[in-house]
There are 2 protein chains.
Amino acid sequence: MKNNATRDKLIDSGAQLISQQGYNATGINAVLKTCGVPKGSFYHYFSSKEDFGLAVIERFAASYDETLVALLEDNDTPPLERLRRYFAAGREYMHACDHATGCLIGNLGQELSGQSDTFRDALNLVFQRWEQRFVHCLKDAQTQGYIAIRTTPEALASFILTGWEGAILRAKTLKSVEPMVHFETILFQQVLVPSA
Amino acid sequence: MKNNATRDKLIDSGAQLISQQGYNATGINAVLKTCGVPKGSFYHYFSSKEDFGLAVIERFAASYDETLVALLEDNDTPPLERLRRYFAAGREYMHACDHATGCLIGNLGQELSGQSDTFRDALNLVFQRWEQRFVHCLKDAQTQGYIAIRTTPEALASFILTGWEGAILRAKTLKSVEPMVHFETILFQQVLVPSA
DNA sequence: CTTAAAGTAGACCAGTCAGTCTATTGTTTT
DNA sequence: AAAACAATAGACTGACTGGTCTACTTTAAG
């Protein structure tokens with residue numbers, strides 16, 4: 001009843017299709033087809049499409065959190081350099097997916113938070129966990145004197161996360177990482193600075 | 001064949017439903033039901049759902065551009081105050097819609113730009129027109145000495161628009177305008193400042 | 001008064017949706 | 001070996017999708 005190769009295959013295919021097309025536009029049959037699993041198995045592992053969607057979110061969040069920790073809590077690297085690497089990784093991914101996919105959590109947040117409170121809560125939690133990772137890194141930067149303490153790390157983390165998500169969205173419609181570059185440039189030039 | 005009350009009713013209802021539920025989740029029948037128009041009329045005015053969606057975008061953009069001009073090109077008001085008013089209006093709207101709707105263009109950009117190039121192009125154009133309105137206002141601010149000229153107005157406009165869109169997205173999943181407040185606060189405190 | 005076109009009206013179509021059902025196969029446990 | 005359960009398999013259902021079709025009504029032109 002727990003973990004299983006078939007279940008994993010379903011979640012993997014689902015994450016891929018949902019990333020590309022969105023939740024509503026991705027039919028269960030399409031997921032089944034891409035991984036060659038019959039419908040009976042799907043409803044053996046998941047009670048509904050919503051249940052499946054939540055599992056996709058959960059798994060993506062868990063996997064993404066690992067890379068987030070590796071990037072933002074690497075104490076061998078100066079805090080602002082960690083942030084730079086995070087942005088660079090995001091830009092690379094955006095380029096790799098031909099500017100079509102973006103951020104799964106951001107996509108679903110936009111599509112589903114007005115549609116289902118269950119999804120909204122789940123996505124909100126993911127965002128909040130991400131913000132905490134940023135807070136941790138920003139606190140390091142403040143105590144080490146790299147940035148001023150005129151703003152709380154929490155507010156700064158919110159600023160960075162929302163700005164970055166917005167830049168990703170804009171990059172999708174523009175089919176260019178230019179908005180992401182602009183965001184990063186101005187952020188490091190005027191916000192993440194030491195002097196008051 | 002041109003403008004008509006029925007056509008307008010369809011677009012109005014469509015804009016409302018699509019704002020709330022998204023494009024894919026909004027069926028044509030639902031639109032027809034909310035404004036009491038039969039299907040025959042719909043396909044008399046629009047050749048397809050995509051055609052309809054584009055008309056909804058076009059009309060929203062035209063109407064929104066008016067308020068944008070009124071806010072950002074009001075020469076009787078200092079440039080930064082114009083921006084403040086723009087953000088205040090956005091916050092008020094977000095509150096009025098119970099944090100559920102957000103920005104129609106942003107929503108559709110997220111949902112459709114990976115799905116249809118036609119939509120992506122249309123939405124991209126709208127964003128670019130908006131950016132130009134910001135550029136105009138920021139140039140005023142620079143020439144009047146309110147903000148430094150270390151960054152091009154174009155890059156700044158991109159930064160503001162993407163940051164704001166991201167804040168709206170985050171406000172939807174959080175059901176609070178807090179991210180929008182954080183964005184505005186830090187923007188005026190550290191980015192839109194005169195000194196180098 | 002006639003005729004053509006614009007617009008209204010909704011039954012209808014093939015296809016797809018999420019979800020159900022029964023039957024069968026694999027794998028343990030006893 | 002047998003019973004119990006997990007998992008596979010896919011045909012099937014009713015509701016709904018975007019879109020088509022024909023019939024009817026209104027408006028305007030000649």
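Naming: A, B, ... by sequence-line order, numbering from 1 per chain.
Here B:S47 lies out of heavy-atom contact (under 4.0 Å) with every strand. Base engagement by B:G40 is indicated by at least one non-hydrogen atom pair under 4.0 Å involving a base atom. Nucleic acid contact class of B:K49 (heavy atoms, under 4.0 Å, all strands): sugar-phosphate only.
Between the C1' atom of D:dT20 and the CZ atom of B:F46 lies a distance of 18 Å, rounded to the nearest Å. If you measure from atom CG of B:L32 to atom C1' of D:dT17, you get 12 Å, rounded to the nearest angstrom. Remark: P of C:dT16 and CG of A:N29 are 10 Å apart, rounded to the nearest angstrom. Across the protein-nucleic acid pair, A:L10 atom CG and D:dA7 atom C1' stand 12 Å apart, rounded to whole Å. The CZ-P distance, from A:F42 to C:dT20, rounds to 11 Å in whole Å. Taking atom CZ of A:F52 as the reference point, atom P of C:dC17 lies 14 Å away to the nearest angstrom.
Closest to the side chain of B:I28, from the set D:dG18, C:dG19, C:dG10, is D:dG18. Relative to the side chain of B:H44, the nucleotides C:dG7, C:dG10, C:dG19 differ in distance, and C:dG7 lies closest. Checking C:dT8, D:dT8, D:dG18 against the side-chain heavy atoms of B:Y45 singles out C:dT8 as nearest. Of the candidates D:dG10, D:dG19, C:dT20, the closest approach to any side-chain atom of A:Y43 belongs to C:dT20. Side-chain atoms of A:N4 lie closest to D:dA7 of the nucleotides C:dA6, D:dA7, D:dG19. In the set D:dT17, C:dC17, D:dA11, the nucleotide with an atom closest to the side chain of A:K39 is D:dA11.
A:S113 pairs by the side-chain contact (heavy atoms from CB on, under 4.5 Å) definition with A:R120, B:K172, B:T173, not counting sequence neighbours.
A sub-4.0 Å separation between OP1 or OP2 of C:dT8 and a side-chain N or O of B:T6 is present.
No side-chain donor-acceptor contact under 3.5 Å links B:Q110 to the backbone of A:E111. Of the possible donor and acceptor atoms, none in the side chain of B:D98 sits under 3.5 Å from a partner among the backbone N and O of B:A100. Counting only distance, with no hydrogens or angles, the side chain of B:R59 and the backbone of B:I11 share no donor-acceptor pair below 3.5 Å.
Residue-to-nucleotide proximity on DNA chain C shows that, of A:A25 and B:P38, the 5′-proximal contact is made by B:P38.
B:N29 and B:K39 form a side-chain donor-acceptor contact under 3.5 Å, judged by distance and modelled atom types alone.
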